[in-house]
Amino acid sequence: MSQTRHVPVMLQRCLDLLAPALEAPGPQPPVVVDCTLGLGGHSEALLSAFPTARLIALDRDKEALRLSGERLAPYGDRATLVHAVYDELPEVLDRLGVPKVQGILFDLGVSSMQLDEADRGFAYAQDAPLDMRMDQTTGIGAAEVLNTYPPGELVRILRAYGEEKQAKRIVSAVVREREKEPFSNSARLVELIRDSLPQAAKRTGGNPAKRTFQALRIEVNGELTVLERAIPAAVRSLAVGGRIAVLSYHSLEDRLVKQVFRGAELPTEEEVAENRRAAPARLRGAQRIREEER
Ligand SMILES: C[S@@+](CC[C@H](N)C(=O)[O-])C[C@H]1O[C@@H](n2cnc3c(N)ncnc32)[C@H](O)[C@@H]1O
């Protein structure tokens with residue numbers, strides 16, 4: 001278990017950013033949505049910092065919902081946890097009879113729990129089944145992507161989602177090997193990537209499998225496609241005066257968020273020293289100032 005497991009990234013800044021919308025007096029208690037519940041660190045802080053607020057929290061990972069359900073149980077019916085992909089937010093709010101909300105938070109990517117549970121297959125440092133689905137009840141895992149996608153499609157994914165310069169070389173090796181025996185575990189893939197790269201490429205950028213794993217994870221979970229739909233949908237769900245905060249961890253996510261709102265804030269040096277996961281974080285926030293134009 002990593003030590004960072006329970007340290008929510010840029011927590012105080014997220015609370016400060018949302019505070020004006022959640023503390024403003026109104027006819028109803030304010031509603032705040034945590035679109036990425038995870039282990040419930042941000043959610044718990046929202047419930048405790050804004051005692052009148054009601055929380056709706058989403059996650060596509062049932063294990064995350066189970067663990068956070070226990071953690072947030074003391075808050076009773078102030079917290080509603082929903083198994084959903086975050087681009088389904090408008091439907092979730094409809095079902096709950098909530099027309100607009102005052103605050104929304106996204107803390108993108110995988111949770112430290114998902115990285116730490118070796119059998120989920122997210123981590124290249126441990127041998128595990130190549131799964132990488134955040135929602136293990138649906139969709140195809142990373143092994144099936146590797147074993148069945150046409151080579152051209154794999155090259156595109158490694159380049160676009162992993163920014164992997166050696167994509168062609170890695171994919172040729174994968175295709176050669178999968179014909180002998182389909183991939184099932186991460187260690188074989190990590191070894192293959194290491195063996196297929198030229199010496200110079202191995203010396204830069206940490207573990208040479210990192211970019212391929214990121215690419216497979218993004219593909220398996222449709223992460224960028226979902227995010228591209230989710231941010232504008234979330235903005236539409238905000239009441240006037242409502243605020244949204246998004247924490248992203250790599251340039252591909254941040255680019256999509258930036259298309260919708262621009263200003264960003266970085267973690268402090270102290271925070272990065274305490275929590276390595278915060279190092280690449282970018283926090284972007286926006287406030288809704290008027291109704292949608294028709
Ligand atoms: C970085 S973690 C959130 C950690 C959380 N803020 C905390 O303090 O514990 C991201 C979580 O979002 C979930 N997630 C990622 N993409 C999602 C999506 N498209 N829809 C719903 N949940 C998603 C993951 O399953 C993971 O549990």
Side-chain angles (χ1 to χ4, degrees), residues 1-15 17-18 32-49 55-72 79 81-93 103-117 120-123 131-139 161 214 217-234 237 244-250 252-254 256-257 267 271 274-283:
M1 196 185 291
S2 86
Q3 295 191 331
T4 58
R5 183 167 178 149
H6 295 295
V7 185
V9 174
M10 295 180 81
L11 176 60
Q12 192 54 47
R13 291 301 300 133
C14 292
L15 298 176
L17 206 151
L18 296 173
V32 59
V33 180
D34 182 348
C35 286
T36 50
L37 172 66
L39 291 167
H42 286 94
S43 275
E44 180 166 36
L46 287 165
L47 285 162
S48 125
L55 169 85
I56 298 170
L58 277 46
D59 207 295
R60 70 196 300 185
D61 183 333
K62 286 201 162 165
E63 183 61 8
L65 289 161
R66 189 184 66 76
L67 291 169
S68 294
E70 288 170 13
R71 178 172 187 175
L72 302 181
L81 310 191
V82 185
H83 183 228
V85 181
Y86 50 54
D87 64 343
E88 297 165 338
L89 177 63
E91 292 82 5
V92 170
L93 294 179
I104 301 182
L105 174 70
F106 285 84
D107 177 16
L108 301 176
V110 275
S111 69
S112 27
M113 179 269 284
Q114 289 163 333
L115 287 172
D116 287 343
E117 307 281 312
R120 305 289 300 264
F122 286 104
D131 186 340
M132 303 195 198
R133 284 172 303 162
M134 291 187 197
D135 181 352
Q136 293 187 298
T137 64
T138 180
Y161 301 159
Q214 173 177 305
R217 192 198 92 198
I218 291 176
E219 170 63 17
V220 162
N221 296 291
E223 286 179 39
L224 299 178
T225 331
V226 173
L227 183 63
E228 197 169 11
R229 280 195 298 263
I231 301 289
S237 301
I244 177 168
V246 185
L247 277 163
S248 63
Y249 297 88
H250 56 74
L252 300 165
E253 290 171 342
D254 191 44
L256 293 180
V257 181
E271 173 160 28
E274 270 168 33
N275 180 7
R276 237 171 28 84
R277 220 176 78 78
R282 299 280 173 281
L283 173 64

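All heavy atoms count here, side chains included; hydrogens, waters and symmetry mates do not. Remember, it's 1-based here, ligands and their atoms both numbered in the order they're listed.
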*Asks:* Return the option from Asn221, Val110, Asp59, Asp135 holding the heavy atom at the smallest distance from atom 1 (C) of ligand 1.
*Replies:* Val110

*Asks:* Looking at Arg217, is its backbone amide N or carbonyl O close enough to the side chain of Asn221 to form a donor-acceptor pair, meaning the two atoms are under 3.5 Å apart?
*Replies:* yes

*Asks:* Any atoms of ligand 1 less than 4.0 Å from a non-hydrogen atom of Pro8? List them with their elements.
*Replies:* 8 (O)

*Asks:* Can you tell me how far the OG atom of Ser111 sits from the CG atom of Asp61, to the nearest 0.5 Å?
*Replies:* 6.5 Å

*Asks:* Please list, in number order, the atoms of ligand 1 under 4.0 Å from a heavy atom of Leu108.
*Replies:*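 Once the distances to Leu108 are compared, the set is 1 (C).
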
*Asks:* For ligand 1, is any non-hydrogen atom under 4.0 Å from Ala84's backbone (N, CA, C, O), its side chain (CB onward), both, or neither?
*Replies:*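 Just the backbone.
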
*Asks:* Side chain, backbone, both or neither: which part of Gln114 comes within less than 4.0 Å of ligand 1 when only heavy atoms are counted?
*Replies:* side chain

*Asks:* With heavy atoms of Val226 as the reference, note each atom of ligand 1 found under 4.0 Å away.
*Replies:* 19 (N)

*Asks:* Select one of side chain, backbone, both or neither to describe which atoms of Met134 lie under 4.0 Å from any atom of ligand 1, heavy atoms only.
*Replies:* side chain

*Asks:* Among Ala281, Ser112, Gly109, which one puts a heavy atom closest to atom 10 (C) of ligand 1?
*Replies:*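 When every heavy atom of Ala281, Ser112, Gly109 is considered, Gly109 comes closest to atom 10 (C) of ligand 1.
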
*Asks:* Could you point out which residue of Arg60, Arg120, Lys62 forms a side chain to side chain contact (heavy atoms under 4.5 Å, CB included) with Gln136?
*Replies:* Arg120

*Asks:* Does any non-hydrogen side-chain atom of Leu247 lie less than 4.5 Å from one of Arg282?
*Replies:*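 No. Closest side-chain heavy atoms not under 4.5 Å.
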
*Asks:* Within the 4.5 Å heavy-atom criterion, are Val33 and Val92 side-chain neighbours or not?
*Replies:*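 Of all side-chain heavy-atom pairs linking Val92 with Val33, none is under 4.5 Å.
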
*Asks:* Number the atoms of ligand 1 from 1 as they appear, then name those within less than 4.0 Å of a heavy atom of Asp61, with their elements.
*Replies:*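 Heavy-atom distances to Asp61 below 4.0 Å select 25 (O).
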
*Asks:* If we only count N/O pairs under 3.5 Å, is Arg277 in contact with ligand 1?
*Replies:* no

*Asks:* What atoms of ligand 1 come within less than 4.0 Å of a heavy atom belonging to Thr36?
*Replies:* 3 (C), 5 (C), 6 (N), 10 (C), 11 (C), 12 (O)

*Asks:* Please determine if Asp34 has a nitrogen or oxygen closer than 3.5 Å to a nitrogen or oxygen of ligand 1.
*Replies:* no

*Asks:* Classify the contact between Asp87 and ligand 1 as side chain, backbone, both or neither, using a heavy-atom distance cut-off of under 4.0 Å.
*Replies:* neither

*Asks:* Hey, what do you get for CD (Gln12) to CD (Glu271), rounding to the nearest 0.5 Å?
*Replies:* 10.5 Å

*Asks:* N/O of Leu39 under 3.5 Å from N/O of ligand 1, yes or no?
*Replies:* yes

*Asks:* If you count the atoms of ligand 1 from 1 in the order shown, which ones are under 4.0 Å from a heavy atom of Val85?
*Replies:* 19 (N), 20 (N), 21 (C)

*Asks:* Looking at residues at least two apart in the chain, or sitting in another chain, which of them share a ring pair (Phe, Tyr, Trp, His ring centres under 6.0 Å) with Phe122?
*Replies:*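 Counting only residues at least two positions away or on another chain, Phe122 forms no ring pair (Phe, Tyr, Trp, His ring centres under 6.0 Å).
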
*Asks:* Would Asp131 and Arg133 count as a salt bridge (charged side-chain N to carboxylate O under 4.0 Å, His left out) if you check the C-alpha gap in whole Å, the side-chain angles of each, and the deciding distance to 0.1 Å?
*Replies:* CA-CA 6 Å; Asp131 186 340; Arg133 284 172 303 162; 2.8 Å; yes

*Asks:* For a quick test of your reading: what N or O donor-acceptor pairs under 3.5 Å do the side chains of residues 36-49 make, sequence neighbours left out?
*Replies:*
unit_1 : atom_1 : unit_2 : atom_2 : d
Thr36  : OG1    : Asp107 : N      : 2.7
Thr36  : OG1    : Asp107 : O      : 3.2
His42  : NE2    : Val9   : O      : 2.8
Ser43  : OG     : Asp34  : OD2    : 2.8
Glu44  : OE1    : Arg71  : NE     : 2.8
Glu44  : OE1    : Arg71  : NH2    : 3.1

*Asks:* In Å and rounded to the nearest 0.5 Å, what is the CD1 to CD1 distance from Ile244 to Ile231?
*Replies:*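 CD1 of Ile231 is found 5.0 Å from CD1 of Ile244.
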
*Asks:* With a cutoff of 4.0 Å, is Leu105 in contact with ligand 1, counting heavy atoms of the residue only?
*Replies:*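 Flag not set, Leu105 not near ligand 1.
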
*Asks:* Kindly give the heavy-atom pair with the smallest separation between Tyr249 and Pro280, and that separation in Å.
*Replies:*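 In this case the closest contact between Tyr249 and Pro280 is O-CB, 3.5 Å.
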
*Asks:* Output the list of atoms in ligand 1 that are nearer than 4.0 Å to some heavy atom of Gly40, sorted by atom number.
*Replies:*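 Under 4.0 Å from Gly40, ligand 1 has these atoms: 7 (C), 9 (O).
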
